[in-house]
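Predicted model only: the values in this text are computed from it and were never measured. Chain naming here is simple, since letters A, B, ... match the order of the sequence lines and numbering starts at 1 in each. What you see below is based on every heavy atom in this structure, not just the backbone, and it leaves out hydrogens, waters and symmetry mates.
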Amino acid sequence: MDIKLLIMNALQDLLKEKQVEAIEIEVEVPNDSSNGDFSTNIAMKLARVLRKAPFVIAEELVHELALDENVFTSIEVAKPGFINFYVNKEVYLGLIPKINANPSDYGSLTIGEGEHYNIEFVSANPTGSLHIGHARGAAAGDSLARILTKAGFNVTKEFYVNDGGNQIDNLAKSIHARYLQALGQECDIPEDGYHGEEIKRLAQKIVSEVGSRFLDEDGHHYFKNYGVNALLQTLEDDLKAFNVSFDIWYKESSLYQENKITETIQILKDKGFTYESEGALWLKTSAFGDEKDRVIIKSDGSYTYVLPDIAYHHVKLSRGYTKLINILGGDHHGYVPRLKAAIEMISGQQNLLDVDLLQMVKVLKDGQEVKMSKRSGKSITLSDLIEEVGSDPIRYFFAMRSLNTHMDLDLDLALKESNENPVFYAQYAHARIASLFRQATVKGYDLDLSIKTFSTLKGDKVALLLTVLNEYPHAIEEAALKRIPHKITHYIHRLSQALHSYYADEIILSDDALKVRERLALLHAVKAVLKDALTLVGVEAKEKM
RNA sequence: GUUUCGGUAGCUCAGUUGGAUAGAGCAACGGCCUUCUAAGCCGUCGGUCGGGGGUUCGAAUCCCUCCCGGAACGCCA
């Protein structure tokens, strides 16, 4: 039973009677639980319309509300005019069999029905390793996709592979240079080349495979294909180790193969959004909110970056998504208006694309900012991080912070095995329950996870656990609609806290068989929800620690 | 200079479609293990919400202005 909905419906009916339906009803969980389990400010909102004191309105409403008395212990009016609902926690006992009957289903919503979102994230160039910024994007995109899916959205995760532009030529040249070096020749890395260790390793591998073949033969295409394929494979492997996967890897080169670029140019020209000037082709993005028009074909005939990107978004649009979400680094914020402008030109719709920008990450170790990776000499890579502290803490820490905060990532904290470290705190809660079930089996307790009625689950600690279990669907709804995965990590912390508190307060495996059976049913539900929530942010729920 | 993100407790951060005495975690301080994982629990302390104006019954939240820090401002990608 959804109590919030219950209250909202009752208020709705009342407003209908009073013919003041235009007012939006808000029912929230108060910050301070002494203000009830649910609360509404509806009386204050009505004060203007009805021209009466909010406190008086609130009292009237409470009298007239048609609510099941068994569900609430009391409904009170507080100072300015809040109406506070105090729930009889025993009604939440019904959650236990509900969750245990189908654990992974609890919290699943239908609010995304009919929606098909495409989330593009990471989209790193295959010219090196993934760095810390990509890692944040990967964690954000993947967590968001999982949460939206849980909320009933159809979600496609997509990675755009820039394998077409200058940077790929530079990659080939860089590999070539390393190749020559590996064969003992003097050769500098080109000016815009890539200096990473991974390029050196690739070159050495090529030498071991084909020897000195490309000393006289032109190896450009070979180096290019070899480099892109190898580096893409590395990206995919790194992401897999980070518990991140994609449904679609879309290559820029396929835009050329399928003539999508010329097609897109034609569409833009036909619609009259282009003009020629100074030998270049311009797009009238300023007509759609951009600060100025942009060149899409340079005077030398080559394309600027934005053109294939527009064509790519055209391809995505043609697949019929109800929304496109791009997760980009905050350093691209200036790029967003022109892309949105182009999408509006093509689709005729304004808000098909949402861009979520993520801000920079500062990595701390031994209390000091770390800027460079030991191995590559460049910025810190995802594989550095995973090697150093593992995937789970990084996933959790990224999920904890809203995207637009400039966050600190404390590697020392990530490694701590104590309650200072929120990941361990949560995983430990899960492992503690798992341990209880192992003990229960060993000691031969008679488990029954399907029991539906409870007579021994009493007290504040139980009430809190049940209250938090009840919040799960609401947490998912808010996380999905506002696209804020940190709502889920906050939830995980709350539930872990309630569990640890209960655990410390009560010896679960006592001599009273009935009590044990009921407690274990409750804990089984808690464990299931903890696991489900951790999975939403890509973190493992450990059985043993 | 323009654009953009941020400035909330000692630290890291929630809260920002205006609402209750501004929240959490960690740190600090004080308690709790002959019992299922003390990797834990219980309690206390802690804030002129960057500054200053304004709108409002009510502002961390909206408007104006200033200060501080990050980032972006290409016929680069």
Taking 4.0 Å as the cut-off, does a side-chain nitrogen or oxygen of A/Lys416 come that near to OP1 or OP2 on B/C26?
no
Does B/C33 sit syn or anti, given that only angles within 90° of 0 count as syn?
syn
Which of the following nucleotides, B/A77, B/A71, B/C41, is nearest to the side chain of A/Met360?
B/A71
Winner on side-chain proximity to A/Thr405, out of B/U3, B/C75, B/A14, is B/A14
Could you check which of B/G15, B/A20, B/A77 has an atom nearest any side-chain atom of A/His486?
B/G15
Can you check the distance between B/G69 and B/A24, where both ends of the measurement are the P atom (answer in whole Å)?
32 Å
Looking only at the side chain of A/Glu420 (C-beta and beyond, no hydrogens), which of the listed nucleotides B/C36, B/A77, B/A27 gets closest?
B/A27
Ion pair present between A/Lys173 and A/Glu191, side-chain N to carboxylate O less than 4.0 angstrom?
no
Between B/A14 atom C1' and A/Leu403 atom CG, what is the distance in whole Å?
14 Å
Stacking here means centres under 5.5 Å and planes under 30°; does A/Phe82 stack on B/G19?
no
Per atom distances to the A/His500 side chain, the nearest of B/U37, B/C41, B/U12 is B/C41
Is any side-chain nitrogen or oxygen of A/Asn162 closer than 4.0 Å to OP1 or OP2 of B/A77?
no
Considering only the C1' atoms, how many Å lie between B/A27 and B/C45, rounded to the nearest integer?
12 Å
Aromatic ring pairing A/Phe159/A/Trp249, orientation class (parallel under 30°, perpendicular over 60°, tilted between)
parallel
A/Leu409 CG - B/C11 P separation (whole Å)
19 Å
Under 4.0 angstrom between A/Asn419 side-chain N/O and B/C41 OP1 or OP2
yes
Residues, nucleotides or ligands: over 12 heavy atoms within 6.0 Å of A/Lys316 NZ:
yes
Is the distance between the ring centroids of A/His493 and A/His490 less than 6.0 Å?
no
Around atom CE of A/Met44, are there more than 12 heavy atoms of other residues, nucleotides or ligands at under 6.0 Å?
yes
Looking only at atom C1', what distance separates B/C41 and B/U37, rounded to whole Å?
13 Å
For the side chain of A/Arg401, starting at C-beta, report the closest nucleotide among B/C41, B/C76, B/C13.
B/C13
Does the side chain of A/Asn41 get closer than 4.0 angstrom to OP1 or OP2 of B/G19 through an N or O atom?
no
Does A/Asp511, at its CG atom, have more than 12 non-hydrogen atoms belonging to other residues, nucleotides or ligands within less than 6.0 Å?
no
Taking atom P in both B/G23 and B/C33, what distance in whole Å separates the two?
33 Å
Determine: side-chain N/O of A/Arg432 to OP1/OP2 of B/A38, distance under 4.0 Å, yes or no.
yes
What's the NE2-C1' distance between A/His406 and B/G69, to the nearest Å?
8 Å
Considering only the P atoms, how many Å lie between B/C57 and B/G18, rounded to the nearest integer?
15 Å
B/A20 base to A/Asn84 side chain: any donor-acceptor pair below 3.5 Å?
yes
Under 4.0 Å from OP1 or OP2 of B/A77: is there any side-chain N or O of A/Thr304 that close?
no
Phosphate OP1/OP2 of B/G25 contacted by A/Gln497 side-chain N/O (<4.0 Å):
yes
From the candidates B/C26, B/C36, B/C73, the one with an atom nearest any side-chain atom of A/Ile507 is B/C36
Separation between the C1' atoms of B/G50 and B/A60, rounded to whole Å:
12 Å
A/His333 NE2 to B/A71 C1', straight-line distance once rounded to whole Å
7 Å
Does a side-chain N or O from A/Lys461 land closer than 4.0 Å to OP1 or OP2 of B/C42, or not?
yes
Short side-chain N/O contact from A/Tyr425 to OP1 or OP2 of B/C41, under 4.0 Å:
yes
Any side-chain N or O of A/Lys298 less than 4.0 Å from the OP1 or OP2 oxygen of B/A77?
yes
Let's see if you can work this out: which of B/A71, B/U37, B/C41 has an atom nearest to the side-chain heavy atoms of A/Asp331?
B/A71
For B/A14 and A/Ser402 - does any side-chain N or O of the residue sit under 4.0 Å from the phosphate oxygens OP1/OP2?
yes
Output yes when at least one side-chain N/O atom of A/Ser418 is less than 4.0 Å from OP1 or OP2 of B/A39, else no.
no
Please determine whether a side-chain nitrogen of the Lys or Arg among A/Lys461 and A/Glu506 lies less than 4.0 Å from a carboxylate oxygen of the Asp or Glu.
no
